Amino acid sequence: MAESSETPPDFADIAVAHWQRERPDLDFTAMGTLARFARLHIAGSRRVEAVFAAHGLDRGEFDVLASLRRTGAPHEMPPSRLAEILLITRAGMTKRVDRLEARGLVARRADPEDRRSLRIGLTPEGFALVDAAVTEHAANENRLLGLLTEEEAHTFDAVLRKLLAAFDASGPESDPESSITGPISGPITGPSRNRRDRPDQPGPR
C-alpha cells in the first residue's frame, strides 16, 4: 500500500486545532508558525550551547570573545562598545568581563587615547580558545542548516531578513536581550543572556 505523502500533525498543529475548537472567533494562522520558530530556537540553541560548553564557555562569554576576535587586531574595544554590540547593559558586560578576566582570557587595558578609559582585549589564551570554539561552532551551524536544501536555506534567510527588517523599523518594544537572533553567533544563536538567566520558551498555549 502506498504511503501517505501528508505530513503528520505536530505539537503546533494540535495546539492550534484545540484553540480553533475553543475559540473559533479568533484567527490562529500565525500561532503554529511562530510556535515552531520558538521551538527551533530552543532546540538549536541547546545544540549550539553544547559546543560552547565543550570549550568551557557559556553563550554570553563566547559572544564577548567572538566580538573581540572578529573585529581584527588588536582585538580590543571599550566595554561600552561591547555592551552596545551585544545588546546588554554595561553592568551585565562588566560581569561577563570579570569572569573572563579571572580566567585569563581577556585583560583590561588603559586606552592609549584616553588614560581615564579602559579597553577590553583578548589575551593569547583567549585568542586561542575562541579560535578553537568558533571553528567547531561554524561547522556545527552549517551542519544544522544542512538539513535544508540550498534553495530552502536561501529562502529561509530571506524570510528572516524581511521579518527582522520590519521589526527593527518599528522600533524596540521589548527587552533587547530576549532577541532570538543576532549578529554575533550566527543564524540560530544571537545576543543573549547566560542560559541561567533565560527561561526556555514553550510552544503554543
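Quick note: residue numbers are just sequence positions, from 1. Model, not experiment: these values are computed from the prediction.
- Counting only distance, with no hydrogens or angles, the side chain of Arg99 and the backbone of Thr94 share no donor-acceptor pair below 3.5 Å.
- Looking at Ser80 and Arg90, their side chains come closer than 4.5 Å, going by heavy atoms from C-beta outward.
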>> side chain to side chain contact (heavy atoms under 4.5 Å, CB included) for Leu105 and Val64? Distances and angles first, verdict last.
In response: CA-CA 10 Å; Leu105 301 176; Val64 172; over 6 Å; no
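- When hydrophobic clusters are built by joining Ile, Leu, Val, Met, Phe, Trp and Tyr residues whose side-chain heavy atoms come closer than 4.5 Å, directly or via intermediates, Leu148 is grouped together with Leu40.
- When all heavy atoms of Thr29 and Thr33 are compared, the pair lying nearest together is O-OG1, 4.3 Å.
- Contact check for Leu122 versus Glu76: no side-chain heavy atoms found under the 4.5 Å cut-off.
- Atom CZ of Arg109 sits in a crowded spot, with more than 12 heavy atoms from other residues, nucleotides or ligands closer than 6.0 Å.
- For residues 79-110, no residue pair satisfies the ring pair (Phe, Tyr, Trp, His ring centres under 6.0 Å) rule, not counting sequence neighbours.
- Arg47 contributes a side-chain N or O that, together with a main-chain N or O of Ala43, makes up a donor-acceptor pair within less than 3.5 Å.
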> Yes or no on ring pair (Phe, Tyr, Trp, His ring centres under 6.0 Å) for Phe62 and His55, after CA distance, side-chain angles and deciding distance?
Replying inline: CA-CA 9 Å; Phe62 172 82; His55 293 273; 8.8 Å; no
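- In this structure the side chain of Glu125 never reaches within 4.5 angstrom of the side chain of Arg103, judged on heavy atoms.
- The CZ atom of Phe127 sits 11.5 Å away from atom CG of Leu65, with the distance rounded to the nearest 0.5 Å.
- For residues 23-34, every residue pair satisfying the salt bridge (Lys or Arg N to Asp or Glu O under 4.0 Å) rule, not counting sequence neighbours, is listed here: Arg23-Asp25.
- Pairs passing the ring pair (Phe, Tyr, Trp, His ring centres under 6.0 Å) check and including a residue from residues 84-123, sequence neighbours excluded, do not occur.
- By the rule that hydrophobic residues join a cluster once side-chain heavy atoms approach within less than 4.5 Å of another member, Leu118 and Met93 end up as members of separate clusters.
- Contacts classified as salt bridge (Lys or Arg N to Asp or Glu O under 4.0 Å) and involving residues 8-19 (residues at least two apart or in different chains) are given here: Asp10-Arg36, Asp13-Arg36.
- Looking at heavy atoms from C-beta onward, Phe37 lies in side-chain contact with Leu160 at the 4.5 angstrom threshold.
- Expressed to the nearest 0.5 Å, how far NE2 of His18 lies from CZ of Phe28 amounts to 12.5 Å.
- Side chains of Arg81 and Ser67: a donor-acceptor N/O pair is absent below 3.5 angstrom, by distance only.
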> Passes side chain to side chain contact (heavy atoms under 4.5 Å, CB included), Leu68 versus Leu82? Steps please.
Replying inline: CA-CA 8 Å; Leu68 294 170; Leu82 268 174; 4.1 Å; yes
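- One finds the CE atom of Met31 at 7.0 Å from the CH2 atom of Trp19 (value rounded to the nearest 0.5 Å).
- Between the Thr123 side chain and the Gly104 main chain, a donor and an acceptor come within less than 3.5 Å of each other.
- Residues Leu147 and Leu144 are members of separate hydrophobic clusters, defined by side-chain heavy-atom contacts under 4.5 angstrom among Ile, Leu, Val, Met, Phe, Trp and Tyr.
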> Going through the checks in order, is the side chain to side chain contact (heavy atoms under 4.5 Å, CB included) test met by Thr71 and Met77?
Replying inline: CA-CA 9 Å; Thr71 54; Met77 67 178 72; 3.5 Å; yes
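- In this structure the side chain of Asp58 never reaches within 4.5 angstrom of the side chain of Glu49, judged on heavy atoms.
- Pairs of residues two or more places apart, or lying in two chains, that qualify as salt bridge (Lys or Arg N to Asp or Glu O under 4.0 Å) and include a residue from residues 146-158 are Asp157-Arg161.
- Annotation: Arg108, atom CZ; neighbour count of heavy atoms from other residues, nucleotides and ligands within 6.0 Å is above 12.
- The minimum heavy-atom distance between Phe52 and Arg59, with the atom names listed, is CD1-CA, 3.7 Å.
- Between the side chain of Asn140 and the backbone N or O of Glu136, no donor-acceptor pair lies under 3.5 Å.
- Residue pairs meeting the ring pair (Phe, Tyr, Trp, His ring centres under 6.0 Å) criterion with at least one partner in residues 88-122, sequence neighbours excluded, are absent.
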